[in-house]
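Step one of this worksheet: look at the structure below.
Treat the numbers as computed from the prediction; the structure is a model and nothing was measured. Worth knowing before you read on, the calculation uses all heavy atoms, side chains too, and leaves out hydrogens, waters and symmetry mates.
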Amino acid sequence: MKANNQKEKMRVSFDLDEVLFVSPETHKIEKPPVFPFNLIYKERLRFGAPELIKKLQELGYEVWVYTSSYRTQSYIKHLFRYYHVKFDGIVNAQRHLAEVQRDHKTILPQKLPNMYRISLHIDDETIVCTLGKQYGYNTYQLNAQDDDWKEKIIERAAQIRASLEN
């Protein structure tokens, strides 16, 4: 609990590659940035991603990026600023290695959302989702084109929030 007696917001995180960033050949995408930004930001955003992120924030969730990519936090912030999206936190490979892996002798998984008090992580990789049970974090696996993906994630987040409040 925070000192002012407010509950901490539940955190939801998204992987980037194949979750928020998708191929236009396999997924519906948002309108790409205009010139010259389309030359800087070559990734294409899954259709509905900005709307979903804003909706989750309106519903009282913190929304983070947790990626194993080496894109800088600055690059990620600026790319999403084009879509009027501001993340509450960003964990990239550099931050994960510095803060989670640190000096551990054994290699830890590439993502450990619970180390950042993330209650739900959305990822495309089966191994990341499977390790959630072992390491104690909740996941939602998203990879194929799915027109109902936003509603399913909002529903999953609501289920986890309800279970945490009980």
Side-chain angles (χ1 to χ4, degrees), residues 9-35 37-71 73 75-93 96 109-114 116-166:
K9 289 184 176 184
M10 184 176 128
R11 292 181 180 167
V12 176
S13 65
F14 289 87
D15 180 34
L16 288 179
D17 294 308
E18 312 311 323
V19 174
L20 294 181
F21 298 153
V22 294
S23 167
E25 295 172 14
T26 57
H27 292 76
K28 295 176 184 174
I29 61 166
E30 290 289 327
K31 187 177 175 189
V34 296
F35 180 83
F37 300 105
N38 63 338
L39 301 176
I40 300 166
Y41 305 117
K42 298 190 184 301
E43 297 88 352
R44 295 299 166 251
L45 201 55
R46 184 186 291 260
F47 184 75
E51 177 189 356
L52 173 61
I53 293 162
K54 291 174 195 171
K55 180 68 175 173
L56 286 167
Q57 290 170 328
E58 286 171 17
L59 291 170
Y61 299 96
E62 284 188 15
V63 181
W64 287 46
V65 164
Y66 196 151
T67 179
S68 55
S69 98
Y70 283 88
R71 290 179 189 89
Q73 291 187 26
Y75 177 88
I76 295 165
K77 282 181 195 174
H78 287 97
L79 186 158
F80 280 92
R81 186 181 298 156
Y82 178 83
Y83 293 97
H84 309 286
V85 168
K86 184 176 185 217
F87 288 107
D88 298 291
I90 297 173
V91 180
N92 60 6
H96 172 86
Q110 65 180 333
K111 294 177 189 142
L112 283 176
N114 50 336
Y116 294 96
R117 296 187 332 273
I118 293 168
S119 300
L120 173 61
H121 176 69
I122 294 92
D123 209 295
D124 67 304
E125 293 189 42
T126 302
I127 187 67
V128 172
C129 294
T130 302
L131 287 174
K133 292 177 184 67
Q134 180 181 346
Y135 286 92
Y137 58 88
N138 296 296
T139 61
Y140 180 86
Q141 190 167 1
L142 174 68
N143 42 26
Q145 170 62 39
D146 178 354
D147 290 340
D148 298 323
W149 74 288
K150 298 181 308 246
E151 294 78 11
K152 290 175 182 175
I153 289 171
I154 289 170
E155 182 180 329
R156 179 82 173 112
Q159 290 169 348
I160 292 167
R161 178 190 267 169
S163 74
L164 294 173
E165 291 174 352
N166 291 334

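We find the CG-CG distance between D124 and L142 to be 8.0 Å, quoted to the nearest 0.5 Å. Here NZ of K150 is found 8.5 Å from CG of D148. Values are rounded to the nearest 0.5 Å. Considering CG of L16 and CG of N92, their distance stands at 9.0 Å, rounded to 0.5 Å. If you take CG on L56 and CD on E51, they are separated by 10.5 Å, rounding to the nearest 0.5 Å. Atoms NE2 and OH, from H78 and Y41 in turn, are 6.0 Å apart once rounded to the nearest 0.5 Å. In this structure, E18 CD and D123 CG are separated by 10.5 Å, a value rounded to the nearest 0.5 Å.
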Assess whether side chain to side chain donor-acceptor pair (under 3.5 Å) is satisfied between E43 and Y75, documenting all intermediate values.
-> CA-CA 11 Å; E43 297 88 352; Y75 177 88; 2.6 Å; yes
What do the steps show when you test R44 against H27 for side-chain contact (heavy atoms from CB on, under 4.5 Å), and what is the final call?
-> CA-CA 10 Å; R44 295 299 166 251; H27 292 76; over 6 Å; no
Check the pair I153, F14 against side-chain contact (heavy atoms from CB on, under 4.5 Å), reporting the backbone distance first and the verdict last.
-> CA-CA 11 Å; I153 289 171; F14 289 87; 4.1 Å; yes
Determine, stepwise, if the pair K111 / D15 fulfils salt bridge (Lys or Arg N to Asp or Glu O under 4.0 Å).
-> CA-CA 10 Å; K111 294 177 189 142; D15 180 34; 3.2 Å; yes
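In this structure, S13 and I118 approach most closely via the heavy-atom pair OG-CG2, 3.3 Å. Between V12 and A157 the shortest heavy-atom distance is CG2-CB, 4.3 Å. Pairing each heavy atom of L20 with each of A49, the nearest pair is CD2-CB, 3.9 Å. Of all heavy-atom pairs spanning Y82 and P32, the tightest one is OH-O, 3.8 Å.
Residue D88 forms a side-chain hydrogen bond (donor to acceptor under 3.5 Å, both in side chains) with just one option from Q57, R11, K9, and that option is Q57.
Between the side chains of Q141 and T126, at least one donor-acceptor pair of N or O atoms lies under 3.5 Å.
Contact of the P33 side chain with the Y83 side chain is registered, since non-hydrogen atoms from C-beta on lie closer than 4.5 Å. At a threshold of 4.5 Å between non-hydrogen side-chain atoms, the residues K28 and D147 count as touching.
Below 30°, between 30° and 60°, or above 60°: for Y137 and H121 the angle between ring planes is above 60°, a perpendicular geometry.
With sequence neighbours excluded, no residue satisfies salt bridge (charged side-chain N to carboxylate O under 4.0 Å, His left out) with K55. Under the side-chain contact (heavy atoms from CB on, under 4.5 Å) criterion, D17 pairs with F21, S69, R71, not counting sequence neighbours.
Between the side chain of N138 and the backbone N or O of S119 there is at least one donor-acceptor pair closer than 3.5 Å.
Taking the ring centroids of F80 and F87, they lie under the 6.0 Å cut-off.
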